[in-house]
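Note that ligands are numbered from 1 as they come in the structure, with each ligand's atoms numbered from 1 the same way.
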Amino acid sequence: MAKITVPGIRSRKGGARIKMVTAYDHPSAVIADRAGADIILVGDSVANVVLGHEDTLAVDVDVMVHHTAAVSRAKPDALVVGDMPWMSYHVSAEDTVRNAGRFVREGGAGAVKLEGGRKRLEAIEKVIDAEIPIMGHLGLTPQSIHTMGGYKVQGKQAQAAYELISDAQSLAGAGVFALVLEAVPDKVAEIVTREIPIPTIGIGAGPHCDGQVLVYHDVLGLGSGDFQPKFVRRYANLADDAVAAMERFFADIESGDFPSDEETYHMATDSAEILAGLADLEAHAKQ
Ligand code: KIV
C-alpha cells in the first residue's frame with residue numbers, strides 16, 4: 001500500500017469510508033498498519049488507556065511526542081496524527097505552533113489533532129500557516145471534562161446541536177482536513193457530514209460519518225477496566241487470552257517444563273579443551 005497523505009484523506013469525503021484507530025507504541029502501530037488502517041491517531045487517551053490516569057489532562061507534549069515517535073518508527077503507510085494535549089494549544093497561538101511543530105519534527109507525525117470549536121480558530125489558522133495539517137474534534141471533547149461535568153453525549157438539545165454544526169462549519173472554513181465527532185446523536189453527525197466539505201470521523205456518532213475511529217485497546221479487548229461505552233464494539237478478548245497464556249508460562253516454570261532442552265544453550269561438550277578448562281576451574285574452587 002502507498003503512504004496515505006492528508007490530501008488523500010481529504011479526497012475520501014463521501015467516498016470509501018476512512019478507517020482510523022488509536023495506537024500508542026511501535027507494536028500496536030505495526031498491527032494497525034498491517035490490518036489496513038488509513039489513519040493512526042496517537043490519542044491523548046494514552047493517559048487513561050496505557051498510563052493508568054483518570055483522565056486525559058495528565059499528559060503533556062513531552063509524553064505525547066514520545067508516543068508519537070514510537071508509532072512513527074513503525075513506518076506505517078497510515079497517516080500518523082498526533083493528539084495535542086490539554087494546555088498545549090490554550091496559552092497562545094505562538095505556543096500552539098511551536099508545540100504542533102514538535103509533533104512533526106520529533107514525533108514524525110503527518111498532522112495534529114486538537115479539540116474545540118470557534119474559540120480555537122486563531123491557533124488553528126497559525127498552525128495551518130506553518131504547513132501543519134490539523135484534524136478537528138467536536139462533541140464530547142475529553143479535555144473539557146470539568147466544563148462538561150463528566151463524559152456526556154453532546155449536542156442533544158437543539159441549541160447545542162446548532163452550535164456544534166456551526167463550529168464544524170467554522171473549523172472546515174479555517175482549513176482543518178478532517179473532523180472527529182465524538183458522542184453526538186446520529187442526526188447531528190449526519191447533518192454535519194452533509195454540511196461540511198471535509199471528512200467526518202465518528203466515535204459514538206452513528207453510521208453517517210465518512211469514517212469511524214475506536215481506541216485500539218477497546219477493539220482488541222485489552223482494557224483493564226470493566227466500563228465499556230455504548231459505542232464500542234469489541235472484536236477480541238486479548239486481555240483474557242494474555243492472562244491464559246501467562247498462566248501457562250508460570251505453570252511451566254513451576255513444573256520445570258520450561259525451559260526445554262531446545263530452549264537451552266549448551267557448551268560444546270565434545271571439546272576436550274573446554275572440559276579440561278572446567279576441570280581446572282573446579283579444582284581451583286576447591287583449594
Ligand atoms: O484520544 C483519543 O483517543 C481520541 C479519540 C477518541 C478520537 O481523541
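Assignment of Lys113 to the shell around ligand 1 is supported, since a heavy atom sits closer than 4.0 Å.
No hydrogens or angles considered: nothing links the side chains of Asp95 and His90 as a donor-acceptor pair under 3.5 Å. Using modelled atom types and a 3.5 Å distance limit, the side chains of Ser260 and Glu263 yield a donor-acceptor pair.
For atom 4 (C) of ligand 1, the nearest protein heavy atom (residue, atom name, distance) is Leu41 CD2, 3.6 Å. In this structure, atom 3 (O) of ligand 1 lies nearest to the protein heavy atom Ser45 OG, 2.5 Å. In this structure, the protein non-hydrogen atom closest to atom 6 (C) of ligand 1 is Ile203 CD1, 3.6 Å.
Comment: Asp38 does not engage Arg17 in a salt bridge, judged by the lack of any side-chain N to carboxylate O separation of less than 4.0 angstrom.
Of the possible donor and acceptor atoms, one in the side chain of Asp33 sits under 3.5 Å from a partner among the backbone N and O of Asp77.
Between Asp44 and ligand 1, a contact under 3.5 Å exists for at least one N or O pair.
Contacts of Thr22 with ligand 1, taken as heavy-atom pairs under 4.0 Å, involve the side chain alone. Counting heavy atoms under 4.0 Å from ligand 1, residue Asp83 touches it through the side chain alone. At a heavy-atom cutoff of 4.0 Å, ligand 1 is contacted by no atom of Thr56, backbone or side chain.
Annotation for ligand 1: atoms under 4.0 Å from non-hydrogen atoms of His137 are 8 (O).
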Stepwise side chain to side chain contact (heavy atoms under 4.5 Å, CB included) test for Met84 and Thr96 | CA-CA 9 Å; Met84 296 193 70; Thr96 307; 4.2 Å; yes
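Under a hydrophobic-cluster definition in which Ile, Leu, Val, Met, Phe, Trp and Tyr are linked whenever side-chain heavy atoms come within less than 4.5 Å, directly or via other members, Leu179 and Ile18 are assigned to different clusters. The cluster map of Ile, Leu, Val, Met, Phe, Trp and Tyr, joined by side-chain heavy atoms under 4.5 Å apart, puts Val232 and Val153 in different clusters.
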